[in-house]
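Here is how names work: the chains are called A, B, and so on, in the same order as the sequence lines, proteins then strands, and each is numbered from 1.
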Amino acid sequence: MNRYLILDLETTGLDWWREKIVGIGIRLEPEGREEFFPYPDPGWLREYLLEYRDRIWIGHNIKFDLLFIHYPPEVVYSLQIRDTMDMVHLYDSRLSKSLVEVEKEFLGSETKFWHLHQENKRKIKSWDLDKVKEYCLNDVLITWNVFRKLEPELEKLEVLHIFRKNMELLKVLYEIEYFGFLFDKEEADRSVKILEENLKLQEEQFFQKAGVRFNWRSHKQLSYYAYDYLNFPRPENPFLDPVTGEDLGRNPESRKYNSTMVSSSILVGKAKHPWALDIQFLRETDKAIDFIQRLSSLTDDKNFLHSSFNISGTRTGRISSSRPNLQNIMSGMRGFFLSSSFMDAEAVEAILNRSQAYNVRRLFIARPGYKIVSIDYKQMEMRMFGIVSKDPHMLEFLQSGTDIHSQIAQRVWGKADEITRDWAKQIGFGLIYGMTMGSLRFRLNLTLEEAKKITSDYWNTFPTIRPWLFGVVEECKKRGYLRYWSGRIWREDRVEKMYRGANALIQGGCADLLSVAVLRVNNYIKRNNLDIRIVNLVHDEIVFEMREEDFEHIPKIANLMQVEDLFGIPFIVDVKIGRSHGELESYGKSDTGTGKQIFSQ
DNA sequence: TGACTCTGCGCG
DNA sequence: AAAGCGCGCAGAGTCA
């Protein structure tokens with residue numbers, strides 16, 4: 001019979017490296033014994049709980065609690081852990097993971113809700129300790145009951161093997177978060193200064209051009225000055241329902257259009273507004289400043305960032321990242337070269353000389369003596385698409401490992417030039433995202449006839465793809481869910497949304513593949529006792545920090561990532577190395593003749 | 001003042 | 001005749 005330790009912490013905040021534990025509640029099962037310790041001494045607490053290290057530890061988002069207790073990663077690796085938050089996610093990724101909602105959904109009670117109704121959680125420091133104790137032990141009890149309820153459910157759904165895999169992945173994520181990613185704060189401060197000067201310069205140029213000063217960050221004000229004040233025709237909202245007049249653009253499912261009409265794509269594309277590029281550039285600089293300041297505010301006293309990697313944060317099974325989000329860091333300027341037209345030559349030069357400041361990734365650096373090594377998958381989603389759709393021609397291309405879009409173009413249209421390669425690429429995206437014909441037309445800048453011809457050529461060349469897409473929807477209609485290659489379940493009961501299932505199978509399939517790769521690579525690192533850390537995960541990329549003398553392990557790591565045994569074809573990877581995440585250079589060469597990476601030994 | 005929504009935009 | 005997948009975060013606006 002299994003023995004359990006269920007735990008829950010109350011803390012002063014979310015950041016374990018600078019906040020304090022207010023109290024910890026634990027429950028021992030099967031004894032049913034409860035204990036609560038207010039403001040425990042951290043060292044004492046670590047020792048005390050280890051008396052129960054042979055038990056299975058259960059928590060709702062247990063990684064959070066373990067980080068607050070501050071165990072070294074090797075201790076966490078030695079534990080058996082169960083995260084009820086991930087159990088909920090594997091049961092149905094659409095559900096809210098907050099304990100209040102989880103209690104309601106699976107236990108049918110609202111005890112936590114009523115506790116919170118009486119007290120403000122943000123002021124937990126000022127609660128009576130008796131109250132904290134009662135609240136905390138109630139959370140522990142809910143967690144235990146949710147675990148008991150969901151374990152058999154997950155078994156019935158045949159997803160316990162994914163749950164076990166995820167609990168091992170959680171330990172790797174723990175280690176990534178525990179050590180963190182070194183942030184170059186001095187350089188960040190310099191960049192912010194430069195960007196703020198740039199912003200001032202851009203604002204001045206813009207206000208002069210506009211002939212009026214206002215807060216361009218406000219949609220309301222910008223909309224007024226860009227259209228009414230300028231007497232510039234306001235583009236018609238194409239999402240107004242012609243019959244009812246309802247603004248469908250306000251539908252949260254589709255927020256691309258809005259009544260203010262000041263998004264970049266509308267200003268640039270639809271309105272062709274004279275301020276479009278100026279606004280785009282102002283926003284870009286503003287965004288860069290926001291990014292860097294957010295990062296600077298979250299460093300610990302040694303300038304490390306400890307992002308949270310969440311395995312139950314996405315609909316598809318991808319990992320998400322927060323505080324800070326390390327998966328959307330700017331890599332450089334995008335809109336500048338388009339928008340520089342409104343500036344005088346001097347201003348253009350001034351900003352170009354400072355363009356490095358927009359590369360926020362270069363602020364993520366290796367520790368002294370180490371290098372950043374980034375290994376990412378080439379065209380990962382296209383590969384997964386070929387695998388799940390089982391199209392023989394697509395799979396044949398994937399085997400060779402050369403540029404997939406060019407190969408497709410060659411096969412479909414008999415030649416692979418820039419134009420046909422772009423067609424192939426856009427249709428590939430379209431298939432992965434469920435694009436409509438209208439959108440594809442816009443993307444390719446074609447007439448309806450041309451677009452239809454091109455897509456039908458594509459369908460004819462890959463005969464199983466269209467039937468597969470229909471089949472996915474059919475299966476979802478029939479069962480109410482889809483199952484990934486990994487066994488993970490994706491549920492959807494709205495028929496009109498089931499087309500998203502194809503994307504889920506691809507995006508989520510890639511996510512589960514990456515998690516397998518992470519585990520295998522991590523096992524290799526630990527087994528050989530290597531001084532190599534994973535510092536970031538970005539959907540199709542693993543970022544490492546290692547010494548140059550350990551570069552000899554790169555081919556092995558790259559090979560492990562290719563997981564050739566899983567599908568019979570390798571997921572080809574690309575290796576880059578640099579002093580920071582923003583200054584990477586290719587490492588090794590891929591042999592385009594055979595398509596085999598040199599890393600596949 | 002805080003909680004919430006809306007909108008826009010960075011990344012894969 | 002343009003608007004598809006998955007995130008997290010920030011400022012402005014709104015309301016109590």
Output yes when A:Lys453 and A:Asp457 qualify as a salt bridge under the 4.0 Å nitrogen-oxygen rule, no when they do not. yes
Nearest-Å distance for atom pair CZ/C1', residues A:Arg283 and B:dC11: 18 Å
Take the protein atom CD of A:Glu541 and the nucleotide atom P of B:dG12, then report the distance between them rounded to whole Å. 8 Å
Do A:Ser265 and C:dA3 have a side chain to base donor-acceptor pair shorter than 3.5 Å? yes
Could you check which nucleotide pairs with C:dG4 in any of the strands shown, counting Watson-Crick or G-U wobble with both distances under 3.5 Å? none
Return the value, rounded to whole Å, for the distance between atom CG of A:Leu482 and atom P of C:dC5. 16 Å
How would you label the contact of A:Arg441 with the nucleic acid (heavy atoms, under 4.0 Å): base, sugar-phosphate, or nothing? base
Euclidean distance, atom CG of residue A:Leu537 to atom C1' of B:dC11 [Å, nearest integer]: 14 Å
Salt bridge flag under 4.0 Å for residues A:Arg323 and A:Asp15: yes
Let me spell it out: for each of A:Leu448 and A:His539, pick the nucleotide of DNA chain C with the closest heavy atom. Which residue's pick is nearer the 5' end? A:Leu448
How would you label the contact of A:Arg294 with the nucleic acid (heavy atoms, under 4.0 Å): base, sugar-phosphate, or nothing? sugar-phosphate
Taking C:dC5, C:dG4, B:dG8 as options, the one with an atom nearest any side-chain atom of A:Thr436 is C:dG4
With the side chain defined as heavy atoms from C-beta on, A:Arg315 is closest, among C:dG6, C:dG11, B:dG8, to C:dG6
Out of C:dG8, B:dC9, C:dC5, minimum distance to the side chain of A:Ser322 belongs to C:dG8
Is there side-chain contact between A:Arg441 and A:Glu450, with heavy atoms separated by less than 4.5 Å? no
Quick one: A:Asp286 CG to B:dT7 P, roughly how many Å, whole number? 19 Å
Atom CD1 of A:Ile292 and atom P of B:dG10: how far apart are they, to the nearest Å? 14 Å
Closest heavy-atom contact between A:Ala504 and A:Thr316? CA-CG2, 4.1 Å
Is it the case that over 12 heavy atoms from other parts of the model lie below 6.0 angstrom from the CZ atom of A:Phe207? yes
Does A:Asn120 have more than 12 heavy atoms from other residues, nucleotides or ligands lying within 6.0 Å of its CG? yes
Check whether NZ of the Lys or CZ of the Arg A:Arg213 lies under 6.0 Å from the centre of the six-membered ring of A:Tyr225 and within 45 degrees of that ring's axis. no
The side chain of A:Arg500 lies closest to which of these nucleotides: C:dC9, C:dA2, C:dC5? C:dC5
Can you tell me, in whole Å, how much space there is between the C1' of C:dA1 and that of B:dC9? 26 Å
Taking donor-acceptor contacts at under 3.5 Å, does the side chain of A:Asn325 reach the base of C:dG8? no
Test A:Phe181 against every option in A:Phe364, A:Phe304, A:Phe309 by the ring-ring contact (aromatic ring centres under 6.0 Å, His included) rule and name the one that passes. A:Phe364
Please report the distance, rounded to the nearest Å, between CZ in A:Phe442 and P in C:dA2. 8 Å
Does C:dC7 have OP1 or OP2 sitting under 4.0 Å from an N or O in the side chain of A:Arg318? no
What's the CG-P distance between A:Leu298 and C:dC9, to the nearest Å? 9 Å
Any A:Thr260 side-chain N or O less than 4.0 Å from OP1/OP2 of B:dG8: yes
Name the nucleic acid region contacted by A:Ile329, choosing base, sugar-phosphate or nothing; use a 4.0 angstrom heavy-atom cut-off, strictly under. sugar-phosphate
Picking from C:dC5, B:dC11, C:dG6, the nucleotide nearest the side-chain atoms of A:Thr316 would be C:dG6
Listed partners of A:Tyr499 passing ring-ring contact (aromatic ring centres under 6.0 Å, His included), at least two apart: none
Any donor-acceptor pair under 3.5 Å between the side chain of A:Gln327 and the base of C:dC7? no
Which is more 5' along DNA chain C, the nucleotide nearest A:Arg443 or the one nearest A:Pro324? Just name the residue. A:Arg443
Please check the phosphate of C:dC5 (OP1 and OP2 only) for any side-chain N or O of A:Tyr499 closer than 4.0 Å. yes
Output one line per pair: protein atom, nucleotide atom from nucleotides 12-16 of chain C, and distance, for all N/O pairs under 3.5 Å.
residue : atom : partner  : partner atom : Å
C:dA12  : OP1  : A:Asn215 : ND2          : 2.9
C:dA12  : O3'  : A:Ser218 : OG           : 3.2
C:dG13  : OP1  : A:Ser218 : OG           : 2.7

